[in-house]
Amino acid sequence: MRSASGGPRVLLRRLRETMAEQVSAQERLDKIVVLIAANMVAEVCSVYVLRVDNTLELYATEGLNREAVHQTVLNAEEGLVGRVASEATPLNLNDAQNHPAFSFRPETGEEIYHSFLGVPILRAGNTLGVLVVQNRAKRTYVEEELEALQTTAMVLAELIASGELSALAKPGHEPAARHSLHKSGSILSDGIALGHVVLHEPRVVINNYIAEDPVAETGRLDAALTKLRADLDRLLERGDVAEGGEHREVLDAYRMFANDQGWSHKLREAVATGLTAEAAVERVQSDTRARMLRSIDPYLRDRLHDLEDLGHRLMRQLAGQQHAPPREQLPDNTIVIARSMGPAALLDYDPRQLRGLVLEEGTANSHVSIVARALGIPAVGGVPNAPGIADPGDAIIVDGTSGSIYIRPSSEIEAAFAERVRFRAHRRAQYLALRDRPSVTRDGQAVELMINAGLIIDLPHIDDTGSAGIGLFRTELQFMVGLSLPRAADQLALYRSVLDAAGDKPVTFRTLDIGGDKVLPYMETVDEENPALGWRAIRLGLDRPGLLRGQIRALLRAGGGRALRIMFPMISDVAEFDTAKSLVEHELTYLRHHGHALPERISLGSMVEVPALLYQLDELLERVDFISVGSNDLFQFIFAVDRGNPKVASRFDTMSVPILRVLRDIARKARAAGKPVSLCGEMASDTLGALVLIAMGYRSLSLSATALGPVKAMVLELDADKAEAMLTPLLDAPAGSIPIRQRLMEFAEMMQLPL
């Protein structure tokens, strides 16, 4: 590499000194381009910054006409600079004028310079600008010079991202790095939240980019790589993984990435340019992310997540940081952004601080979405590169009514959403006015509206909403929020507090529904190829009877002297219900023997969510006191669609003929057997879904607390007999011949139902 002043390490040290000087933003940039040009023996060094209007503005130059600064503006894909920005890859030319993308700008005076080296200024895979060096002589810049310029661009990225350059911009032409950003995704949980960003897996904050001792930094990097690979090797040697299967293949591919010599070589090269080990990992990851995000190859885009996770793990090992920030560091209006998240991870956050959730992945029927709705927080999923488009502390708006997010919103947008929040609060006040009105349709049919719950913070909703009780209490949430198995005394205290809060209103406790994506942090993880169909819910409970019996005993003691309702999840064979019922009888005998007060009345029920149970309904209804349809799992099993997979989750409609026929058959059989039937899945929380359920004969629904008001407002205006008369011929017609959802919407509009 040609160098007049000692190479990249000297340049980085001088850049650090310049960054620390108390000078204006323009003076700082002007000094930086002079330093780079001198170090690289370049006659020109220029910095172009990407603006909010998707153009590139010349912000500083050494060698070109200084009067062109803040005057020369290129479209985002115009010229060689635009090519570097749009493709996020370096461009190294020995005769720039002869390149087909060359764009001549006479005001710059660059026509006398032939060689051109441009690199994107990247941060978290996002292009913030372009750094360029040029010379009159026709020459190709060597690899060391390219590395030096890329390393320098990384320092410039932090300067641009800091917002310091905004003072140099005219209104509407601010740097894109800190501009307001609007992204669209899918609705996971309704509502609107204004708050500040917390990254679920926060980027490691690099306080020092420049290495004092490159040899020591290389040693730190090698040690971290060795530990990363050893951790993966131990994981693959575990018995449940070593047996093979698709999960084994995934982890093998993961280990292959970690052992890739090309990856580790790039990391060492970055350290050799003078970066610390952390900064080297960040630079290589940012370059890789930028290229893969722009790839049209779906395989490469899918592999991005593997590489990003490896990079995050390596960075955390180097910095000694934990996965999530301590709670005491979280703002009171926390909005969490993550690539993906399980329900247990969401419950790790203090619900008093949590205001919203944004995911790169995730569907409306995934368990994390259900928990978000249970917590009453707005959530949006399917936001591309979600963790890379915002910084911790950024202002953000989550619009769970439209599936949009606004990062660093303008004051006008913030004011508009604040007004919408006030309007929604007014609507809640209107729903509150309906709280004490009986939930009865216009034609006099009572519809029992209950709420789903799972935490202590849910209990005030019983009175706030005027619900008829708790139709589904998810007992597993207590197990998921702790770092260890809840003691029997803790379970007993929770169940008693729930019954106390409900008073005379019924509460249906669902026994532990763990497994699948609901993993307990203190239990050994069982890797399964199809966890939704695997060892979960009642299957786990019956295989670990001590766990299930302990919970049943706590429930029975809590229900002493009161009515108690217990429901078993994911029953797929009536024999499973019989076995679970025998455990209840066993615990009743134990409590009698030890003189404990017993429930005044015990009702045992089953969830109907496994298709096999549809063909045993007659036998099941002879055994149970009630049934409750778990529409979420039932729908995904009937359609063979993973509700947590965004690529297929939208391929079925809850208003389609097959689903509605199944639900109607269940309601008819339960009514004929004289057994109560309810539905506690997410379908009941949708106003249109509640309408169609009532039309099919359901008179008990359990829904999220936030949905109870809108659904009750609809029920009060509904004529149930007319709804049934409208729906019946649609379900009896050949499947696919009539758009059910459209007809339901037309009926609601004709009847002037509030949806």
Side-chain angles (χ1 to χ4, degrees), residues 186-188 244-250 298-299 302 340 342-343 359 361-371 381-382 510 513-519 526-540 568-574 576 606-617 620 627-667 669 679-686 688-689 692-693 696 730-731 733-741:
S186 58
I187 300 170
L188 303 185
E246 186 179 1
H247 58 287
R248 167 78 192 205
E249 296 170 7
V250 171
Y299 175 80
D302 286 345
S340 61
L359 298 175
E361 300 173 0
T363 66
N365 290 321
S366 62
H367 283 127
V368 70
S369 301
I370 294 170
V371 171
R510 182 177 69 185
D513 186 3
I514 54 174
D517 68 344
K518 291 187 281 189
V519 179
V526 178
D527 291 307
E528 300 176 282
E529 293 189 30
N530 294 294
L533 306 178
W535 196 52
R536 51 172 291 209
I538 195 65
R539 299 168 181 178
L540 188 152
F568 301 109
M570 209 174 174
I571 296 290
S572 56
D573 188 288
V574 291
E576 291 176 334
S606 168
M607 294 279 288
V608 178
E609 50 192 342
V610 178
L613 207 55
L614 300 176
Y615 301 95
Q616 306 169 68
L617 274 178
L620 180 70
I627 60 172
S628 186
V629 179
S631 57
N632 302 335
D633 272 335
L634 182 61
F635 291 174
Q636 77 165 342
F637 295 153
I638 285 179
F639 278 106
V641 165
D642 177 5
R643 66 186 187 184
N645 184 341
K647 293 182 179 179
V648 296
S650 61
R651 294 182 66 89
F652 72 90
D653 185 3
T654 55
M655 301 297 169
S656 63
V657 169
I659 288 294
L660 297 184
R661 285 176 178 171
V662 167
L663 294 176
R664 184 176 63 172
D665 288 347
I666 295 172
K669 287 203 170 190
L679 187 139
C680 59
E682 295 302 309
M683 184 179 183
S685 297
D686 175 66
L688 193 66
V692 75
L693 289 169
M696 291 187 296
L730 301 183
L731 297 187
S737 61
I738 301 174
I740 302 289
R741 183 178 291 274

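Residues R536 and D633 are in side-chain contact: their nearest non-hydrogen atoms beyond the backbone lie under 4.5 Å apart. Residues R539 and S572 meet the side-chain proximity criterion, which asks for heavy atoms closer than 4.5 Å. In this structure the side chain of F639 never reaches within 4.5 angstrom of the side chain of D653, judged on heavy atoms.
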Item to check | Worked check of side chain to side chain contact (heavy atoms under 4.5 Å, CB included) between M607 and I571 | outcome: CA-CA 7 Å; M607 294 279 288; I571 296 290; over 6 Å; no
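Separating the CD1 atom in I740 from the CD1 atom in I659 is a distance of 12.5 Å, to the nearest 0.5 Å. Between E576 atom CD and F568 atom CZ the span is 11.5 Å, to the nearest 0.5 Å. The CG atom of L614 sits 8.5 Å away from atom CG of D665, with the distance rounded to the nearest 0.5 Å. The distance from atom CG of L730 to atom CE of M655, rounded to the nearest 0.5 Å, is 12.5 Å. Here the straight-line distance linking atom CD1 of I666 with atom CG of L613 works out to 8.5 Å at 0.5 Å rounding. With values rounded to the nearest 0.5 angstrom, M570 atom CE is found 11.0 Å from I538 atom CD1.
Across C680 and S628, no two heavy atoms sit closer than the pair SG-OG, 3.3 Å. A pairwise comparison of heavy atoms in I738 and A733 identifies CD1-CB, 3.8 Å as the closest pair. Of all non-hydrogen atoms in V692 and G689, the two that sit nearest each other are CG1-O, 3.1 Å. Minimum heavy-atom separation, Q616 to V574: OE1-N, 3.2 Å. In terms of heavy-atom proximity, L731 sits nearest to M696 at CD1-SD, 4.1 Å.
Under the 3.5 Å distance criterion, the side-chain polar atoms of E609 are left unmatched by any main-chain donor or acceptor of F637.
Paired with S631 under the rule side chain to side chain contact (heavy atoms under 4.5 Å, CB included), one option of L693, L679, T654, V608 passes, and it is L679.
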